[in-house]
Enquirer: 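Structure provided below as structure tokens; questions to follow.
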Amino acid sequence: MRLMTCDEINDMRVSGQDYKAGCPPVDGEMLEDHGAAPEDGDDQVDPWSVSSSSAKGVDYDKLIVRFGSSKIDQELVDRIARVTGKTPHRFLRRGVFFSHRDMHQILDAFEKQKSFYLYTGRGPSSEAMHVGHLIPFIFTKWLQDVFDVPLVIQMTDDEKYLWKDLSLDECHRYAVENARDIIACGFDVNKTFIFSDLDYMGASPAFYRNVVKVQKHVTFNQVKGIFGFTDSDCIGKISFPAIQAAPSFSSSFPQIFGERTDVQCLIPCAIDQDPYFRMTRDVAPRIGYPKPALLHSTFFPALQGAQTKMSASEANSSIFLTDSAKQIKNKINKHAFSGGKDTVEEHRKCGGNPDMDVSFMYLSFFLEDDDQLEKIRQDYSSGALLTGELKKCLIETLQPMIAAHQERRRLVTDEIVQQFMSPRKLHFNC
């Protein structure tokens with residue numbers, strides 16, 4: 001389909017037609033990076049809400065077309081293996097990270113001994129994180145290890161203050177508490193900088209300068225088109241996307257990169273964050289910086305089913321990193337949506353549907369052994385494995401994983417948090 005120009009979109013606004021979020025205008029140029037606008041019946045995917053009418057969840061192939069990204073195919077997975085000399089992470093092998101922008105460019109440069117840095121983030125809306133929040137950090141930790149590159153992690157406590165009914169102090173406290181969980185994932189303190197927006201914005205003139213540069217190059221109409229803001233939204237929301245864009249540029253971190261403005265950024269994130277970085281990629285060449293590359297993950301489903309992602313605000317939809325072994329068992333047994341049949345006899349005869357079963361979906365994220373996962377799939381599909389037995393497999397996988405995380409977090413002292421969150425020089429081989 002032909003993409004609309006800025007003038008055509010503005011004509012639609014003048015005529016009273018609604019411009020749907022997901023396809024922002026770019027100074028009258030063709031919208032090369034943005035794909036098609038959503039149509040009626042499409043999955044709802046934006047930075048604040050995710051929903052699907054299908055029990056299997058979001059149709060990610062359609063989302064790639066709609067967002068204008070590229071599929072992570074086997075060729076790219078094999079290339080990452082060749083370049084790193086490491087077995088691809090299970091998230092790559094299983095399509096958990098399924099879409100990208102410019103990953104081949106990152107690998108081209110890396111093969112020529114030109115390094116890059118990683119950037120990911122967390123919006124700290126509660127003191128406790130859930131297992132779905134671990135997905136980008138588990139994968140980012142692997143990327144940091146196999147490529148040996150520095151990492152910046154943005155804690156958007158300012159964003160949560162603007163969007164949630166929380167005080168500034170609460171948002172900042174949640175940022176520090178969430179940082180403990182992130183540190184417990186095992187990041188290298190010599191290569192990782194975690195920062196609170198509320199702290200770093202005031203301490204880094206270089207960061208703020210980049211925020212202002214982005215703000216100047218994105219119009220109010222554009223930001224409304226990208227994010228769906230309305231006239232009743234506070235001006236803080238309207239200006240916030242520039243703050244999430246700024247870490248994509250190496251000059252935002254002079255303590256790490258000195259005066260370098262040419263170090264490319266790779267951003268692993270869930271695909272609902274892509275609108276921020278489509279905007280960033282549009283702005284980058286106009287302010288003299290390289291476009292950030294991206295790796296997009298699928299969503300971690302709620303216990304009740306893949307129609308929505310797991311939410312920190314709904315206790316029974318989530319397995320929290322603070323949950324006890326008993327709570328994990330009870331939540332899975334009581335709330336995890338089943339792809340099995342109504343009776344044992346029917347299930348034995350017809351089998352279950354692992355593509356709709358939340359317990360199997362969770363195992364596909366956390367069970368390392370590919371052969372074991374495939375056997376579970378086959379046994380459940382054939383009826384040899386019952387729903388209760390599948391849930392037991394998941395419980396036995398998650399309980400020790402979360403207990404180990406809790407122990408690592410217990411060892412994260414205030415001094416360690418301060419070390420990770422202090423602006424400083426990181427190990428960086430340019």
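All values below come from the heavy atoms of this structure, side chains included, with hydrogens, waters and symmetry mates left out.
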Enquirer: Going by distance alone, is a donor N or O of one side chain under 3.5 Å from an acceptor N or O of the other, for His405 and Asp181?
Expert: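 Short answer, yes.
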
Enquirer: With under 30° as parallel and over 60° as perpendicular, where do the rings of Phe365 and Phe300 fit, or are they tilted in between?
Expert: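 Plane angle over 60°, so perpendicular.
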
Enquirer: Going by atom types only, do Glu374 and Gln378 share a side-chain donor-acceptor pair under 3.5 Å?
Expert: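 Yes.
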
Enquirer: For residues Asn210 and Ser251, is any side-chain donor paired with an opposing acceptor at under 3.5 Å?
Expert: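 The answer is yes; a qualifying pair exists.
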
Enquirer: Once the angle between the rings of Phe98 and His296 is folded into 0 to 90°, is it parallel (under 30°), tilted (30 to 60°) or perpendicular (over 60°)?
Expert: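 Phe98 vs His296 ring planes: tilted.
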
Enquirer: May I have all residue pairs that pass salt bridge (Lys or Arg N to Asp or Glu O under 4.0 Å) and include part of residues 67-78, sequence neighbours excluded?
Expert: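 Checked against salt bridge (Lys or Arg N to Asp or Glu O under 4.0 Å) - neighbours excluded - the pairs reaching residues 67-78 are Asp61-Lys71.
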
Enquirer: Does this structure show an ion pair linking Arg82 with Glu111, if we count only N-O contacts that are shorter than 4.0 Å?
Expert: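 The answer is no: the pair does not qualify as a salt bridge.
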
Enquirer: Checking Ser248 against Thr280: is there a side-chain donor and acceptor pair closer than 3.5 Å?
Expert: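 There is no such pair between these side chains.
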
Enquirer: Report the distance from atom OG1 of Thr140 to atom CD1 of Ile135, rounding to the nearest 0.5 Å.
Expert: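 One gets 11.0 Å once the value is rounded to the nearest 0.5 Å.
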
Enquirer: Cut-off 3.5 Å, side chains only: do Ser99 and Tyr60 have a donor facing an acceptor?
Expert: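 Tyr60 and Ser99 do not have a side-chain donor-acceptor pair below 3.5 Å.
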
Enquirer: Given the side-chain rings of Phe193 and Phe195, with only the six-membered ring counted for Trp, is the space between their centroids under 6.0 Å?
Expert: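 Between Phe195 and Phe193, which both carry aromatic rings, the centre distance is below 6.0 Å.
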
Enquirer: Would you indicate whether the side-chain heavy atoms of Tyr174 and Met155 approach each other to under 4.5 Å?
Expert: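 Of all side-chain heavy-atom pairs linking Tyr174 with Met155, none is under 4.5 Å.
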
